[in-house]
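Every value quoted in this text rests on a predicted model; they were computed, and no experiment measured them.
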Amino acid sequence: MLPVVVVHGGAGHIPKERAENSTSGVCSAVRSAYLVLQEGGSSMDAVVEAVVQMENSPYFNAGCGSVLNVKGEVEMDAIVMDGKTLGSGAVSAVRNIANPVQLARLVMEKTSHACLTAEGASKFARSVGVPEVSQESLITEYSRMRWKKNLVPDANPVECQMGKMGTVGAVAVNKEGNVACATSTGGMLNKMEGRVGDTPCIGSGGYADNQSGAVSTTGHGETIMKVTLARLILFHMEQGQSAEAASDLGLAYMKSRVGGLGGVVTVDPQGNWAARFSSRQMSWAAAQNDTLHYGLYTGEHFRRSFSEQH
């Protein structure tokens, strides 16, 4: 069964013209991450590799595809967590970093803290030699167009949000049964300056524990935080539920209790995995036993062997 990696490219409503890029993006990210595991890399190496690839794609709401806040600026959040030690690192409201997930990992490895924010995170990045990039390099024409549309006084904020809730994330188990998670996002479209969502919060945007499994979440941040979705799913797994059943229970509770929609990728230490969502779509992909699994709509599950890949 091992190793396994599962990634998501965000839950919500993905416009047709972007759906194909979103699907090929998660497939490509999962392939690279799986290679890391096959070569004996750690589950942390694998999830960071997957998320970096998606941060580098303009088709996801993370890194260079991030949505803009009300001032038309990028503010990004990211988290990593290691199931072996429960070590975690996160950054929030960072502006000039190409790959926030790598900075989150450095927070975990090089500081005694779990989360650094805004200017403090930038200072830390400089101190460990992470290069700064311009805001412009992180802003796509698409994000600017969406931002402008949402500034119109009668814009429907819910409808506008659904266009691109593409938080990205990954979970993995390596050959030794160690689990890890990573999640990265540009947040909510036209959010208030300084708004931080679920992504960098331990137990909400992600959680990893070798005793139960790992989860990375996506969807409406404020509601995910209210139910600490990632930790809630692992609680159900600790009670004996499968990765799939636990994911469904967590998402159903979030929908019934606080009206929130979202999605998750989940894995247990034995290599059982799930990609589940209550939103209309979630691009996801998984790699296991040299097979690529992927989908976008509810109930969709395509399979391909890696030998068929070009």
Side-chain angles (χ1 to χ4, degrees), residues 6-15 18-19 22-23 26 47 51 54 60-62 66-67 76-79 81 90 92 157-171 181-189 191 195-208 213-237 241 243-267 273-286 295-300:
V6 197
V7 309
H8 67 74
H13 170 60
I14 303 160
R18 296 178 72 83
S22 184
T23 300
V26 289
V47 293
V51 170
M54 292 187 284
F60 300 103
N61 175 16
S66 292
V67 298
M76 301 167 291
D77 305 331
I79 193 170
M81 190 161 182
S92 68
V158 175
E159 202 176 286
C160 296
Q161 284 304 336
M162 290 317 271
K164 187 155 168 266
M165 280 160 72
T167 295
V168 304
V171 292
C181 70
T183 312
S184 180
T185 190
M188 273 176 89
L189 193 56
K191 62 190 178 182
R195 177 263 188 189
V196 175
D198 65 295
T199 297
C201 303
I202 293 182
S204 294
Y207 201 86
V215 180
S216 170
T217 67
T218 169
H220 182 228
E222 278 68 12
T223 50
I224 289 172
M225 289 158 101
K226 286 172 188 172
V227 301
T228 52
L229 183 60
R231 191 68 191 84
L232 177 63
I233 288 167
L234 290 175
F235 164 77
H236 285 302
M237 286 165 74
Q241 298 285 350
E244 188 165 295
S247 300
D248 287 345
L249 282 165
L251 288 164
Y253 177 74
M254 182 168 88
K255 191 175 177 181
S256 66
R257 186 72 179 85
V258 285
L261 298 178
V264 298
V265 288
T266 306
V267 71
W273 60 271
R276 309 293 289 174
F277 50 100
S278 53
S279 54
R280 187 174 158 202
Q281 291 151 289
M282 180 179 82
S283 56
W284 63 272
L296 178 67
Y297 289 94
T298 308
E300 211 170 64

Which value, rounded to the nearest 0.5 Å, describes the distance between R231 atom CZ and H236 atom NE2? 11.0 Å

Distance from L232 atom CG to Y207 atom OH, nearest 0.5 Å? 13.0 Å

Interatomic distance, E244 atom CD to L249 atom CG [nearest 0.5 angstrom]: 11.0 Å

Search all heavy atoms of V6 against all heavy atoms of A274 and return the closest pair with its distance. CG1-O, 4.3 Å

Can you name the closest pair of heavy atoms from G186 and S66 and give their distance? CA-OG, 3.6 Å

To the nearest 0.5 Å, tell me how far N61 CG sits from S22 OG. 11.0 Å

Pairs flagged by side chain to side chain donor-acceptor pair (under 3.5 Å) wherever residues 246-256 is involved - sequence neighbours left out: S247-T266, D248-R276

So do the side chains of V7 and V265 get within less than 4.5 Å of each other, counting heavy atoms only? no

Would you check, one step at a time, whether the test side chain to side chain contact (heavy atoms under 4.5 Å, CB included) holds for L251 with L229? CA-CA 8 Å; L251 288 164; L229 183 60; 4.0 Å; yes

Smallest separation among heavy atoms of H8 and T218, with atom names: CE1-CB, 3.5 Å

Determine the minimum heavy-atom distance between D77 and P200, stating which atoms define it. CB-CD, 3.6 Å

About how many Å separate CD1 of I79 and OG1 of T199, when rounded to the nearest 0.5 Å? 8.5 Å

So how far is it from Y297 OH to R280 CZ, rounded to the nearest 0.5 Å? 5.0 Å

Candidate pair L261 and H220, rule side chain to side chain contact (heavy atoms under 4.5 Å, CB included), full reasoning: CA-CA 6 Å; L261 298 178; H220 182 228; over 6 Å; no

So, using side-chain hydrogen bond (donor to acceptor under 3.5 Å, both in side chains) as the criterion, who are the partners of E222 when residues are at least two apart? R195

At their closest point, which heavy atom of V215 faces which heavy atom of I233, and how far apart are they? CG2-CG2, 3.9 Å

Heavy-atom nearest pair, A208 first then A214, reads CB-CB, 3.9 Å

Using the rule given for side chain to side chain contact (heavy atoms under 4.5 Å, CB included), can you reason through F60 versus S283, listing the C-alpha separation, both sets of side-chain angles and the distance that settles it, and then say yes or no? CA-CA 10 Å; F60 300 103; S283 56; 4.2 Å; yes

Criterion side chain to side chain contact (heavy atoms under 4.5 Å, CB included) on M54 and V26, from CA distance to verdict: CA-CA 7 Å; M54 292 187 284; V26 289; 3.9 Å; yes

Under the side-chain hydrogen bond (donor to acceptor under 3.5 Å, both in side chains) rule, collect the residues that match up with T217, sequence neighbours excluded. D198

